[in-house]
Amino acid sequence: MEIIKQFVFSFMSTIGFAVLFNSPKKSIVHAGLVGAIGWMFYYISFITMDSYVASTFFGALTVGLLGEFLARKNKKPATLYITAGIIPLVPGAGAYYTMLYLIENNFSQAATKGAETLFIAAAISMGIIISSLFSRSIKRVRQKD
Amino acid sequence: MTYLKDNEREEVKKLLVLATLAGRLMLKSGAETYRVEDTVTRICQSRKEIQYVDAFVIPTGIFISLEYKGELISYIKRVKTISINLNKIALVNEFSRNFVNSQMSIDDGIKEIKRISKINIYSNVTKALFGAIASSFFCLLFQGTKLDFISSFIVSFIVSFLINHISRLKVSFFIDKFIGSVFISILSYFLIKLGIGENLDKVIIGAIMPLVPGVAITNAIRDTMSGDFMSGLSRGMEAVFSALAIAFGVGIVLIFS
């Protein structure tokens with residue numbers, strides 16, 4: 001039940017962001033699905049591994065691979081799906097709490113939360129870069145044939 | 001030394017202008033650095049016998065130079081505001097593919113780019129509505145309650161309009177985000193005092209999501225990891241200062257509350 005809820009919530013918020021980023025109308029639902037599936041991978045791996053950074057990485061990798069796949073299929077740039085798709089993974093809450101601890105003069109907590117936020121952002125980028133490397137190498141192999 | 005004929009030079013210059021316009025439109029819409037560089041060089045190499053093209057793109061400007069029959073021509077274009085518009089990225093991408101693979105005239109190309117730059121698919125109301133949907137579902141994603149959902153929807157909807165108006169004044173992204181987050185926190189605070197919404201932090205986290213520089217952060221790290229250090233730094237600075245603006249905005253209100 002909780003998983004279905006999470007799926008719907010992440011789907012809706014990705015769709016909202018897709019419109020905010022002026023996605024073409026045809027790609028909005030795709031972007032929403034990419035975001036929701038990416039969040040699902042994040043959610044499940046967080047339950048099993050209990051690590052924000054690692055599970056964010058898996059979530060972003062899923063988003064990236066799905067994005068590249070859809071890009072190939074629809075002949076559109078992968079950013080259409082990836083930019084909105086990673087949004088649920090973006091550490092907005094982490095940034096908020098970092099700042100909250102800073103205001104409360106709680107610097108050690110702020111440093112912990114801030115470092116975590118930064119690593120989560122790096123994990124997202126890693127996931128996306130690795131997935132784009134995949135698709136580029138596939139392209140290269142195909143061109144050689 | 002042979003000099004170019006005037007009409008030849010005009011043609012090459014126009015091609016360069018077209019490439020720059022296309023690149024600038026992409027960059028303004030938030031495309032990745034490598035994609036812009038790729039598009040620009042491809043458009044330049046598609047016509048005439050241009051031996052050498054190089055493009056240097058950073059989020060705040062485009063520098064292109066090309067060599068045509070022994071003459072070097074270069075063009076610089078400054079880019080100021082970046083607002084994410086995925087539709088334009090897709091359209092310019094498609095345009096550049098069409099332009100390279102067909103015999104479209106350069107004038108037609110420039111017209112097409114100008115047409116694409118004016119396309120706006122969603123009205124401000126639709127955007128505000130979907131921004132509010134995004135915020136409120138985000139609030140739920142972070143274990144907000146139903147009341148939190150409603151209040152972050154209201155806050156985000158109102159603030160989207162406000163930010164739209166402020167950003168039209170073209171002051172600075174920093175001021176936009178600062179004022180936006182001040183209003184978000186004030187509105188959330190009052191809504192919770194009125195009994196709509198239970199957790200102040202959940203409501204604010206949801207409502208600030210459209211302002212949070214998530215895309216800028218990930219693009220910055222992505223650019224840096226793929227070797228575009230200047231772009232990475234530039235986008236990284238944007239991200240850091242956006243986050244600071246939000247932090248100041250929220251922080252000021254939270255101190256008083």
Side-chain angles (χ1 to χ4, degrees), chain A residues 5-6 8-28 31 39 43 60 74-84 86-100 102-104 117-118 120-129 132-133, chain B residues 29-32 35 83-91 93-94 97 120-122 126-127 129-142 160 201-202 204-206 208-215 217-226 239 243-244 246-248 250-251 254-255:
Chain A
K5 255 194 201 164
Q6 295 274 328
V8 174
F9 295 162
S10 52
F11 179 75
M12 289 304 288
S13 56
T14 315
I15 280 193
F17 272 99
V19 175
L20 222 51
F21 294 156
N22 289 296
S23 294
K25 281 175 189 150
K26 276 183 202 157
S27 69
I28 288 177
W39 178 260
Y43 190 71
N74 300 337
K75 297 217 161 61
K76 290 265 178 333
T79 7
L80 281 191
Y81 312 102
I82 294 175
T83 310
I86 54 167
I87 285 292
L89 303 170
V90 165
Y96 173 82
Y97 286 119
T98 308
M99 171 226 66
L100 200 66
L102 281 178
I103 292 167
E104 291 165 350
T117 306
L118 196 66
I120 289 178
I124 297 176
S125 319
M126 283 282 282
I128 304 289
I129 287 182
S132 73
L133 282 181
Chain B
S29 312
E32 311 96 309
R35 192 186 296 281
S83 67
I84 297 161
N85 194 324
L86 298 175
N87 187 42
K88 284 182 187 168
I89 297 179
L91 287 175
N93 209 46
E94 214 175 281
R97 202 181 302 138
N120 252 331
I121 29 175
Y122 303 109
T126 339
K127 272 201 200 166
L129 190 70
F130 275 88
I133 290 176
S135 298
S136 46
F137 277 97
F138 218 87
C139 177
L140 286 182
L141 210 53
F142 282 91
S160 306
D201 54 343
K202 301 275 159 33
I204 294 180
I205 289 172
I208 58 171
M209 254 340 255
L211 300 179
V212 168
V215 180
I217 292 178
T218 37
N219 275 348
I221 299 179
R222 228 172 125 180
D223 278 347
T224 312
M225 281 180 180
S226 42
L244 273 180
I246 298 170
F248 285 153
V250 177
L254 286 186
I255 285 175

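By convention in this document, chain letters (A, B, ...) are assigned in the order of the sequence lines, proteins followed by strands, and residues within each chain are numbered from 1.
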For a quick test of reading the model, state the closest non-hydrogen atom pair linking A/S125 to B/T218 and the distance between them. OG-O, 3.4 Å
Answer with side chain, backbone, both or neither: which region of A/Y97 has an atom nearer than 4.5 Å to a non-hydrogen atom of chain B? side chain
Whatever's closer than 4.5 Å to a heavy atom in chain B on A/I87 counts as both
Side chain proximity check, B/K88 to A/N22, heavy atoms < 4.5 angstrom: no
Going by heavy atoms in the side chains, are B/L140 and A/M12 under 4.5 Å from each other? no
Between chain A and each of B/L141, B/I221, B/I205, count heavy-atom pairs under 4.5 Å; write down the option with the most. B/L141
Which region of B/I255, side chain (C-beta onward) or backbone (N, CA, C, O), has a non-hydrogen atom less than 4.5 Å from a non-hydrogen atom of chain A, or is it both or neither? side chain
With a 4.5 angstrom heavy-atom cut-off, could you sort out which part of B/D201 is near chain A: side chain, backbone, both or neither? both
Could you report the tightest heavy-atom contact between A/P77 and B/R35, atom names first, then the distance? CB-NH1, 3.3 Å
Check whether A/K5 gets within reach of chain B through its side chain, its backbone, both or neither, counting any heavy atom under 4.5 Å. neither
Under 4.5 Å from any heavy atom of chain A - which part of B/A243: neither
Verify side chain to side chain contact (heavy atoms under 4.5 Å, CB included) between A/I15 and B/I133, making sure each step is shown before the conclusion. CA-CA 8 Å; A/I15 280 193; B/I133 290 176; over 6 Å; no
Under a 4.5 Å heavy-atom cut-off, does chain A meet the side chain of B/I204, its backbone, both or neither? side chain
Nearest heavy-atom neighbours spanning A/I129 and B/M225: CD1-CB, 3.3 Å
If we ignore angles and hydrogens, is there a donor and acceptor under 3.5 Å between the side chains of B/R222 and A/S132? no
Which pair of non-hydrogen atoms, one from B/F142 and one from A/A93, has the smallest distance, and what is that distance? CE2-CB, 3.8 Å
Find the one option among A/P88, A/A121, A/S23 whose heavy-atom pairs under 4.5 Å with chain B are most numerous. A/S23
B/I208 portion near chain A, given a 4.5 angstrom heavy-atom threshold: side chain
Residues A/L20 and B/G131: closest non-hydrogen pair is CD1-CA, 3.7 Å
Between B/L86 and A/P24, what is the shortest heavy-atom contact and its length? C-CD, 4.3 Å
Measure A/I28 against the heavy atoms of chain B and call it side chain, backbone, both or neither at under 4.5 Å. side chain
Got B/V212 and A/V90 here, is their nearest side-chain heavy-atom distance under 4.5 Å? yes
Ranked by heavy-atom pairs below 4.5 Å to chain A, first place among B/E32, B/R97, B/K202, B/E94 goes to B/E32
Which portion of A/I86 sits near chain B, non-hydrogen atoms under 4.5 angstrom: side chain
In chain order, what residues pass the ring-ring contact (aromatic ring centres under 6.0 Å, His included) check against B/F130, with sequence neighbours excluded? none
Of the backbone (N, CA, C, O) and the side chain (C-beta and beyond), which part of B/N93 lies under 4.5 Å from a heavy atom of chain A, both, or neither? side chain
Checked A/I82, A/V8, A/T83 vs chain B; the most non-hydrogen pairs under 4.5 Å come from A/T83
Considering residues at least two apart in sequence or located in another chain, which fulfil the side-chain hydrogen bond (donor to acceptor under 3.5 Å, both in side chains) criterion with B/T126? B/S123
Do any N or O atoms from the side chain of B/Y122 and from the backbone of A/F21 form a donor-acceptor pair under 3.5 angstrom? no
Would you call the rings of B/F137 and A/F9 parallel, tilted or perpendicular if under 30° counts as parallel and over 60° as perpendicular? tilted
Top contributor to chain A contacts, counting heavy-atom pairs under 4.5 Å, from B/L254, B/I217, B/V250: B/V250
